[in-house]
Trainee: 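Submitted below is the structure of interest, expressed as structure tokens.
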Amino acid sequence: ELKVEQNPLFLSMQEGKNYTIYCNYSTTSDRLYWYRQDPGKSLESLFVLLSNGAVKQEGRLMASLDTKARLSTLHITAAVHDLSATYFCAVDKGKLTFGTGTRLTIIP
Amino acid sequence: EPEVTQTPSHQVTQMGQEVILRCVPISNHLYFYWYRQILGQKVEFLVSFYNNEISEKSEIFDDQFSVERPDGSNFTLKIRSTKLEDSAMYFCASSEETRPFFGPGTRLTVL
């Protein structure tokens, strides 16, 4: 059974700082997505990573995928308050298996 | 930009009642899904649907659940006899092949 783990589960960081969220998964896959969820809202697609070594960047967020290590990272650069949300990784093997989510709070 | 839509946004029902949650996927998408998220927890897969049949379902998707694509646009999830533990946010999603796009969700409350 595929297991997807994220850490940390909760992250409070100050504006302007950098941090990385980690997503580990237990079985081989070369398709992984990152989603953002605001409280009470739906899942907004952030990144699609489809191969080993894939790196995507959008604004202050950068995602990467290492299929050999079964690891994806979401790096936040110079955080701003608007990035406060819960971030999920999801591994695609025909259906999505989501990670536990990382609740990110950016403190002014 | 095309988006997945869902109705209703909120549904309150009594235990044992039947509910139907409705979704309109993005028009050129071929794969359809239902996921649910119990409050404060992660998102869980329920069922996937392709070519007018279920392609995969989870353990959660038991005999009380069914899905249907009654016409060319709608995709529905029916829960025949709701239980308290069915209270959750239900998300419909659709995709061409990869990268599912999610609808806004239906919050189901079973009393």
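Everything numeric in this text was worked out from a predicted model, so none of it was measured. So you know, we letter chains A, B, ... as the sequences are listed, proteins then strands, and number each from 1.
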Trainee: Checking B:F102 against A:Q37 for the side-chain contact (heavy atoms from CB on, under 4.5 Å) test, could you report, in this order, the C-alpha distance in whole Å, the side-chain angles of both residues, the deciding distance, and whether it holds?
Mentor: CA-CA 11 Å; B:F102 284 77; A:Q37 186 179 40; over 6 Å; no

Trainee: Look up atom CG in A:L96 and atom OH in B:Y33, then write down how far apart they are to the nearest 0.5 Å.
Mentor: 7.0 Å

Trainee: Would a single hydrophobic cluster contain both A:L71 and A:L32, if residues Ile, Leu, Val, Met, Phe, Trp and Tyr are joined by side-chain heavy-atom contacts under 4.5 Å?
Mentor: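 Looking at the clustering, A:L71 is in a separate group from A:L32.
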
Trainee: Between A:L11 and A:L83, is there a shared hydrophobic cluster once you connect ILVMFWY residues whose side-chain heavy atoms come closer than 4.5 Å?
Mentor: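 Linked within one cluster.
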
Trainee: Where on A:K95 is there a heavy atom nearer than 4.5 Å to chain B: the side chain, the backbone, both, or neither?
Mentor: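 Both parts, heavy atoms under 4.5 Å.
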
Trainee: For the CZ atom of B:R99 and the OH atom of A:Y35, what is their distance to the nearest 0.5 Å?
Mentor: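 Nearest 0.5 Å value for the CZ-OH distance: 7.5 Å.
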
Trainee: Please report the shortest heavy-atom distance between A:Y33 and B:P100, naming the atom on each side.
Mentor: CE1-CD, 3.7 Å

Trainee: CD/B:E56 to NZ/A:K93 distance, rounded to the nearest 0.5 angstrom?
Mentor: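 These two atoms lie 11.0 Å from each other.
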
Trainee: Under 4.5 Å heavy-atom distance to chain A, tell me which part of B:E44 shows up: side chain, backbone, both or neither.
Mentor: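 When you check distances to chain A, no heavy atom of B:E44 falls under 4.5 Å.
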
Trainee: Over all heavy atoms of both residues, which pair between A:S42 and B:P104 is shortest? Give the atoms and the distance, please.
Mentor: CB-CA, 3.7 Å

Trainee: Could you tell me which non-hydrogen atom of A:T100 sits nearest to which non-hydrogen atom of B:K42, and how far apart they are?
Mentor: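 Taking every non-hydrogen atom into account, CA-CB, 4.2 Å.
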
Trainee: If you count heavy-atom pairs within less than 4.5 Å of chain B, which of A:A90, A:G101, A:S45 leads?
Mentor: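 Option with the greatest count: A:S45.
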
Trainee: Determine the minimum heavy-atom distance between B:T98 and A:D92, stating which atoms define it.
Mentor: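 Here B:T98 and A:D92 meet closest at CA-OD2, 4.5 Å.
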
Trainee: Is it true that atom CG of B:D62 has more than 12 heavy atoms of other residues, nucleotides or ligands lying nearer than 6.0 Å?
Mentor: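 More than 12 within 6.0 Å, yes.
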
Trainee: Report which part of B:Y35 has an atom under 4.5 Å of a heavy atom belonging to chain A: side chain, backbone, both, or neither.
Mentor: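 Contact with chain A: side chain only.
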
Trainee: Does any backbone or side-chain atom of A:Q6 lie under 4.5 Å from a heavy atom of chain B? Answer side chain, backbone, both or neither.
Mentor: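 Contact with chain B is absent: no heavy atom of A:Q6 under 4.5 Å.
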
